[in-house]
Amino acid sequence: MTTGSANTHTTTQNRLLAILAAILLAFSVGTLAGCGNDNAASSSAQDASSSAAQAEQVNVTVSIDLTAADGKVETAEVSVPAGSTVLDATQATSFELDVQDSQYGKYVNAINGVATGDHGDQSGWLVAVNGEDLAVSADAQEVAEGDKVEWRYVTTFE
C-alpha cells in the first residue's frame, strides 16, 4: 500500500467509525427517549387507573331502626367500592356489628349491642334496600349508587 492509499484507508475507517458512533448515539438517545415516554405513559396509566378506582365508588345511606327496642333511628352515609354488598356498606359505618356465619350466608346477629332474641323469641334484624326486603343474605346483595339500606329491629314477624 502506498502512503496515499493508507491515508485513504484510514480516513475511510475513521468515517465508518464516526458513522457507527453516530448510529449508536442516535439509537441510545432514541431508546432513552422511549423509556422516558414509557414512564410518562405508565405514570398516566397509573393516574387514570387511580382516577377510575376513585370513580368506582358508590355512595350509600345505611340506617338502623331500633324504635321497636325503645331506641332510635341512626343514619350514616358511606362511600364503598362498586360491587360492595349490603354487609360491606354496613361494616363501613361506625355501627358495631356482630356477624355470624349461617348456612344461608352471613347473618347479622346484633347491631350496636342489640341482638336477636334480646326482646323476645321473635326479635331480630330485618334488612331492606330502597324499601324492598332482601330475599338473600346481606353479604350476597350488592349495593348501587344512592341505595338506602335500612336495618329494622323487630320484636315479632307478624
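This is a predicted model, so every value here is computed, not measured.
No side-chain donor-acceptor contact under 3.5 Å links S84 to the backbone of V80. E150 contributes a side-chain N or O that, together with a main-chain N or O of G131, makes up a donor-acceptor pair within less than 3.5 Å.
Applying the ring pair (Phe, Tyr, Trp, His ring centres under 6.0 Å) definition to pairs two or more places apart or across chains, none involves residues 74-100. Pairs passing the ring pair (Phe, Tyr, Trp, His ring centres under 6.0 Å) check and including a residue from residues 117-150, sequence neighbours excluded, read H119-Y153, W125-Y153.
Taking all atoms of both residues into account, the shortest heavy-atom contact from G117 to S123 is N-OG, 3.0 Å. Taking each heavy atom of A128 and D133 in turn, the nearest pair found is CB-OD1, 3.6 Å. Of all heavy-atom pairs between Q57 and E145, the closest is O-OE1, 3.9 Å.
The 12-atom threshold is not exceeded at CG of D121, counting heavy atoms of other residues, nucleotides or ligands nearer than 6.0 Å. No more than 12 heavy atoms of other residues, nucleotides or ligands sit less than 6.0 Å from atom CD of E132.
Residues V127 and V149 are in side-chain contact: their nearest non-hydrogen atoms beyond the backbone lie under 4.5 Å apart. Between V58 and V143, the closest side-chain pair of non-hydrogen atoms falls below 4.5 Å. For the pair V78 and V62, the minimum side-chain heavy-atom distance is below 4.5 Å. For the pair N112/E74, a side-chain contact is recorded, criterion being any heavy-atom separation below 4.5 Å from C-beta on. Looking only at side-chain heavy atoms (C-beta outward), V73 and T67 come within less than 4.5 Å of each other. Contact check for E77 versus T61: side-chain heavy atoms found under the 4.5 Å cut-off.
Distance check: E96 CD to T93 OG1 gives 10.0 Å after rounding to the nearest 0.5 Å. We find the CG-NZ distance between D101 and K106 to be 3.5 Å, quoted to the nearest 0.5 Å. Once rounded to the nearest 0.5 Å, the distance linking CD1 of I111 with CD1 of I64 reads 6.0 Å. Rounding to the nearest 0.5 Å places CG of D147 at 4.5 Å from CG of N130. Interatomic distance, CG of D118 versus OG1 of T155, reported as 12.0 Å (0.5 Å rounding).
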Take K148 and T75 through the test side-chain contact (heavy atoms from CB on, under 4.5 Å) and record every step on the way to the result. CA-CA 10 Å; K148 295 184 182 341; T75 303; over 6 Å; no
Q | Verdict with reasoning, V86 to W151, per side-chain contact (heavy atoms from CB on, under 4.5 Å) | A | CA-CA 10 Å; V86 167; W151 290 92; 4.0 Å; yes
- Message: Test side-chain hydrogen bond (donor to acceptor under 3.5 Å, both in side chains) on Q141 and T85; report intermediate values, then the result.
- Response: CA-CA 5 Å; Q141 178 66 50; T85 65; over 6 Å; no
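A continuous path of Ile, Leu, Val, Met, Phe, Trp and Tyr side chains, each step under 4.5 Å between heavy atoms, connects L134 with V108, placing both in one hydrophobic cluster.
For Q91, the side-chain contact (heavy atoms from CB on, under 4.5 Å) partners two or more places apart in sequence, or in a different chain, are L87, D88, L97, V99.
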